[in-house]
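It should be emphasised that the depicted structure is a prediction, and the values quoted were computed from it without experimental measurement. Whatever order the structure lists ligands and atoms in, that order sets their numbers, starting from 1.
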Amino acid sequence: MFNSKFGSVPKFYVRAPGRVNIIGEHIDYCGYSVLPMAVEQDMLIAVEPVKTHVLQLANTNPLYLDFSTSANNIQIDKTKPLWHNYFLCGFKGIQEHFGLSDVTGMNCLVDGNIPPSSGLSSSSALVCCAGLVTLTVLGMNLSKVELAEICAKSEHYIGTEGGGMDQSISFLAEEGTAKLIEFSPLRATDVKLPSGAVFVIANSCVEMNKAATSHFNIRVMECRLAAKLLAKHKCLPWEEVLRLEEVQAKLGVSLEEMLLITEDALHSEPYSPEEICRCLGISLQELKTQILSPSTQDVLSFKLYQRAKHVYSEAARVLQFKKVCEEAPDNTVQLLGELMNQSHVSCRDMYECSCPELDQLVDICRKFGAQGSRLTGAGWGGCTVSIVPADKLPSFLANVHEAYYQRSNRSLVPEKQSLFATKPGGGALVFLEA
Ligand code: ADP
Ligand code: NG1
């Protein structure tokens, strides 16, 4: 296909994987550690550098249209999250990091098999793949940590204000191990998953493009506002606080204590912008221009108590999950399953990022043998991840397939992309011609 598109052959190939987040949802952008692993599905880009300063992009999937632009004038339209814009995020991130104004062009053919808008990070895999393509074309070098940080920052050009989980695992993943990803400074530690269990991904078949809606950015903003109100309540310099983790760090208390402080400082009724202004002693104008992001300036109601409760309790669950994996007691799989179940309840009730199909799928997975099941990724659609005892895997797959997919036209979705067991895969790679 490359040959018929561009009349030439690729000089090298780059792959970057998607991921499944096992536990730790919507807490990376609050500064807390998360526990993902890379999946086998990935973005693969075939590349030929050219001398024309033109960037030509094509895709093996005809739904994603060809695109071409000058490599020296990258414009990313936040209002339309078209596929090529994700590529441009990675490209621009590397270009800006090296302060380059005159970049060589390239022909690229993209081929991806991560189900899109399903919480398995197809978008970040594309951004990371494009970043590594650009670095390779420039003949420059960066560490995996630097690449992850650059791509996490540059994916914000698409309009969503995510944390760095997806880009970090796409670069730092290693075959055979999940990773605890910690931030500031970014680092990844191996987490050995129990050998007696299998992690199974099931797609609810509800797609949710984050950049096309404001759900995601509203949550980011609610967490920021909750952090500021908690800081004010504790007489901390709230103006400089942006993340819930900073409040904990400044107070030097445990996550359990942060949950008690949240009970004390915040109420469960939604906050209006006016009430937030009264609490912080600022004007509506200051709230809009100095704290809220452009896409959230007109939101009329913010749930701060619920979001803070989710974040602090989920951050604690991540640490417990890692501890159980390390200590490996006899009932490891049951304990991990319970933590995953608690995570789903918190995502559903406190963070309100589930949907009826995901809740139904989680129930079906538990009914047919999963010790734990939860939504994974941003939510509002997309996939679940379940922990299933290895000996129950065949019956689990058959029963879930029958109960969720076969009984509806969901069985039209190719089975491989809907329901599959997964193992920790490796990170991004460049394949050079010998
Ligand atoms: P995810 O949870 O998978 O990261 P997003 O909604 O954030 O979902 O991003 C999905 C977008 O990523 C798609 O709408 C598309 O623009 C882009 N994308 C996903 N897969 C591909 C692909 N194979 N080729 C090109 N673009 C893709
Ligand atoms: P996905 O599942 O790719 O939409 C998003 C964010 C993550 C994280 C999760 C929720 C991006 C690129 N990714 O992931 O950083 O916040 O939601 O845990 O914004």
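In this structure, a donor-acceptor pair under 3.5 Å is present between the side chains of S343 and R374.
In this structure, F216 has its ring center closer than 6.0 angstrom to the ring center of Y29. For H84 and Y64, the gap between ring centers reaches or exceeds 6.0 Å.
Residues H310 and S346 approach most closely at ND1-OG, 2.7 Å, considering heavy atoms. In plain terms, the two heavy atoms of T384 and T376 that are nearest each other are C-CG2, 4.1 Å. In this structure, A71 and F91 approach most closely via the heavy-atom pair O-CE2, 3.6 Å.
Looking at residues two or more places apart in sequence or on another chain, you find a side chain to side chain contact (heavy atoms under 4.5 Å, CB included) between E327 and K323, P329. Not counting sequence neighbours, the partners of E246 by the side chain to side chain contact (heavy atoms under 4.5 Å, CB included) test are V241, L242, R243.
A cation-pi arrangement is found for K92 relative to Y157, the charged atom lying closer than 6.0 Å to the ring centre and inside a 45° cone about the ring normal.
Among protein residues, R19, E25, H26, D28, Y29, G119, S121, S124, E155, G162, G163, M165, D166, Q167, K210, F216, G377, A378 come within 4.0 Å of ligand 2, judged on heavy atoms.
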Tabulating one pair per line, provide the atom names and distances (0.1 Å) for every N/O atom of ligand 1 that is less than 3.5 Å from a protein N/O atom.
{"from": "ligand 1", "atom 1": "2 (O)", "to": "G119", "atom 2": "N", "distance (Å)": "3.1"}
{"from": "ligand 1", "atom 1": "3 (O)", "to": "S117", "atom 2": "N", "distance (Å)": "3.1"}
{"from": "ligand 1", "atom 1": "3 (O)", "to": "S122", "atom 2": "N", "distance (Å)": "2.9"}
{"from": "ligand 1", "atom 1": "3 (O)", "to": "S122", "atom 2": "OG", "distance (Å)": "2.6"}
{"from": "ligand 1", "atom 1": "4 (O)", "to": "S122", "atom 2": "N", "distance (Å)": "3.3"}
{"from": "ligand 1", "atom 1": "4 (O)", "to": "S123", "atom 2": "N", "distance (Å)": "3.1"}
{"from": "ligand 1", "atom 1": "4 (O)", "to": "S123", "atom 2": "OG", "distance (Å)": "2.7"}
{"from": "ligand 1", "atom 1": "6 (O)", "to": "S117", "atom 2": "OG", "distance (Å)": "2.9"}
{"from": "ligand 1", "atom 1": "6 (O)", "to": "N209", "atom 2": "ND2", "distance (Å)": "3.4"}
{"from": "ligand 1", "atom 1": "6 (O)", "to": "K210", "atom 2": "N", "distance (Å)": "3.4"}
{"from": "ligand 1", "atom 1": "7 (O)", "to": "S123", "atom 2": "OG", "distance (Å)": "3.2"}
{"from": "ligand 1", "atom 1": "7 (O)", "to": "K210", "atom 2": "NZ", "distance (Å)": "2.8"}
{"from": "ligand 1", "atom 1": "8 (O)", "to": "S117", "atom 2": "N", "distance (Å)": "3.3"}
{"from": "ligand 1", "atom 1": "14 (O)", "to": "N209", "atom 2": "ND2", "distance (Å)": "3.2"}
{"from": "ligand 1", "atom 1": "24 (N)", "to": "N59", "atom 2": "ND2", "distance (Å)": "2.9"}

